[in-house]
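Working notes, beginning with the structure itself.
The shown structure was predicted, so the numbers you read here are calculated from the model rather than taken from an experiment. Computation of the quantities below employed the complete heavy-atom set of this structure, encompassing side-chain atoms and omitting hydrogens, waters and symmetry-equivalent molecules.
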Amino acid sequence: MEPTAERRVLPAEEWAGAARDHAARADALTQAHRARRAAGARHAIDDFLYDYYNARPSLLRRWHPGAGTALAPTPDGPAEHAAWRWYRTGDDGVVELDTGRFLAERGDTVAFVHTLLAQTAARPAHTGCLGLHEWAMVYRQDDERRRHTLPLRLGREGTDAVVEQLPLQCTHFDAFRFFTPDAVPRNRAPLTRESQVAREQPGCLHANMDLFKWASKLGPAVPGALLLDCFALARDIRTLDMQASPYDVTSLGERAVAIETPEGKAEYVARQRGFAERAAVLRARLVDVAAGVLPVREPLAG
């Protein structure tokens, strides 16, 4: 196996320690979920990450060195990654991601993720949407059809009144597609899957939660620490997402961020900006990961 460009080889003791530390961090992040699952319990805030993003604790604790980093063999032989999908092992026992095979199977996905994240990063962050996407998902909807069994904090009429008094400015299609029919025409602009790349912006809570989804799509090309950083950010954002929602989350031990009040608006925007700053760093790292495995395009002549 010829060494790849920019490749670095981690000594066995170094990567083994990193893998142990990663598994311990992943276990800590998923401990509450695993305990609830064992007890057959559900949590309307935390379980979203596992249901919507199909996050699996077993995969979260699996450490990847990332593209461009290879693993020296241990005294007992090559790293366990040798048996994992998309890895290759050299005659010297060094294991690394086979980027050629990975791109042959996932190249279109990698290219899409790179384009989406790079274009999103290039736009200014818009804040002040106030999390009204969750309100729009229950606007003028019968209680029996709601996604959550939690009660509405302001009741049916109070919830609808907030949607009618505040402007809907959602820019994220995967939130917009769950709007009730009566809420759809109230949004500032219609959104489609085809317009996602052109409309997504870095202040959006859901776009920033989705960094975990895109890190997962990039699979073993993403270093383990970056994947867990994206997961931790998504979990923190999800908490605000539900605190600012129309639902009463006090039964979950959370307080409301009352976005219908001046104080609630100010808190929401401040926290949204903080999440956007954290997300900007992670988004840039994911763009670099995707760019690093994509083939270099020759510049056009002339």
Side-chain angles (χ1 to χ4, degrees), residues 6 8 10 15 18-19 21-26 28-30 45-46 48-49 52-53 55 59-69 97 99 109-129 131 133 171-175 196-241 243-244 257 267-294:
E6 303 295 329
R8 66 187 183 111
L10 293 182
W15 66 254
D21 292 346
H22 174 90
R25 182 187 176 198
L29 286 168
T30 64
I45 296 177
D46 196 38
F48 175 83
L49 301 178
Y52 183 76
Y53 292 122
L59 292 183
L60 285 171
R61 77 190 312 271
R62 177 176 284 193
W63 177 77
H64 294 280
T69 299
L97 179 67
T99 55
T109 296
V110 175
F112 172 78
V113 172
H114 179 265
T115 298
L116 174 66
L117 298 187
Q119 292 198 22
T120 301
R123 300 188 182 102
H126 295 290
T127 57
C129 63
H133 55 276
T171 58
H172 190 67
F173 174 73
D174 280 316
Q196 181 178 15
V197 173
R199 296 299 305 276
E200 204 136 297
Q201 55 90 14
C204 172
L205 289 193
H206 275 262
N208 293 333
M209 271 198 290
D210 276 356
L211 292 179
F212 172 66
K213 174 172 70 175
W214 303 128
S216 300
K217 294 287 188 183
L218 294 176
V222 175
L226 177 53
L227 176 68
L228 293 188
D229 286 347
C230 292
F231 180 80
L233 174 64
R235 190 176 67 168
D236 290 346
I237 292 176
R238 175 59 178 167
T239 299
L240 174 61
D241 197 38
Q243 286 178 317
V257 175
E267 179 182 352
Y268 185 92
V269 171
R271 290 172 65 182
Q272 184 179 23
R273 287 173 177 164
F275 288 137
E277 291 173 2
R278 284 174 62 185
V281 175
L282 301 182
R283 183 176 286 107
R285 291 168 63 189
L286 290 174
V287 168
D288 287 344
V289 167
V293 296
L294 287 170

So, do Leu117 and Leu211 sit near enough that their side-chain heavy atoms are less than 4.5 Å apart? yes
Taking all heavy atoms of Ala276 and all of Gly203, pick out the closest pair and write down the distance. CB-CA, 4.2 Å
Measuring only between side-chain heavy atoms, which start at C-beta, is Pro65 closer than 4.5 Å to Leu97? no
Atom OG1 in Thr120, atom CD in Gln201: separation rounded to 0.5 Å? 8.5 Å
When the ring planes of Trp63 and Trp15 are compared, do they come out parallel, tilted or perpendicular, using 30° and 60° as the limits? parallel
Full working for side chain to side chain contact (heavy atoms under 4.5 Å, CB included) between Leu286 and Cys230: CA-CA 10 Å; Leu286 290 174; Cys230 292; 4.0 Å; yes
Residues Val289 and Pro223: closest non-hydrogen pair is CG2-CD, 4.1 Å
Of all heavy-atom pairs linking Ala26 and Arg61, the shortest is CB-CA, 3.5 Å
Drop me the distance from Ile45's CD1 to Arg238's CZ, to the nearest 0.5 angstrom. 7.0 Å
Proximity of Trp214 and Phe112 rings by center, below 6.0 Å: yes
Side-chain donor-acceptor pair present, Asn208, Arg278, cut-off under 3.5 Å: no
Would you check, one step at a time, whether the test side chain to side chain contact (heavy atoms under 4.5 Å, CB included) holds for Leu60 with Leu29? CA-CA 9 Å; Leu60 285 171; Leu29 286 168; over 6 Å; no
Contact check, side chains of Leu227 and Ser216, non-hydrogen atoms, under 4.5 Å: yes
I'd like to know if the side chain of Tyr268 reaches the main chain of Gly128, judged simply by a donor and an acceptor atom lying under 3.5 Å from each other, with no hydrogens or angles considered. no
Please report the interatomic distance CG(Leu233) to CG(Leu228), rounded to the nearest 0.5 Å. 12.5 Å
Just how far is it from atom CD of Gln272 to atom CD1 of Ile237, taken to the nearest 0.5 Å? 9.5 Å
Looking only at heavy atoms, which two atoms of Ala67 and Val293 are closest? And how far apart? CB-CG1, 3.4 Å
Hey, are Glu267 and Arg271 close enough for a salt bridge, meaning a charged N less than 4.0 Å from a carboxylate O? yes
Can you list the steps and then say if His172 with Asp210 is a side chain to side chain contact (heavy atoms under 4.5 Å, CB included)? CA-CA 10 Å; His172 190 67; Asp210 276 356; 3.1 Å; yes
Minimum heavy-atom distance Ala215-Val222, with the two atoms named: O-CG2, 3.5 Å
Could you tell me if the side chain of Arg235 sits less than 4.5 Å from the side chain of Asp46, heavy atoms only? yes
Which distance, rounded to the nearest 0.5 Å, do you find between the OH of Tyr52 and the CE of Met209? 8.5 Å
If you draw a 6.0 Å radius around NZ in Lys213, do more than 12 non-hydrogen atoms from other residues or ligands fall strictly inside? yes
Not counting sequence neighbours, list each pair that qualifies as a side-chain hydrogen bond (donor to acceptor under 3.5 Å, both in side chains) and has a residue in residues 221-233. Arg25-Asp229, Asp229-Arg285
Side-chain donor-acceptor contact under 3.5 Å, His133 with His206: yes
Distance col, row Leu116:CG vs Lys217:NZ, nearest 0.5 angstrom, shows 12.0 Å
With ring centroids as reference points, do Phe231 and Tyr53 lie under 6.0 angstrom apart? no
Any side-chain heavy-atom pair from Pro202 and Arg123 closer than 4.5 angstrom? yes
Applying side chain to side chain contact (heavy atoms under 4.5 Å, CB included), run through Thr171 and Glu200 and close with a yes or a no. CA-CA 6 Å; Thr171 58; Glu200 204 136 297; over 6 Å; no
Is any side-chain heavy atom of Asp174 closer than 4.5 Å to one of Gln196? yes
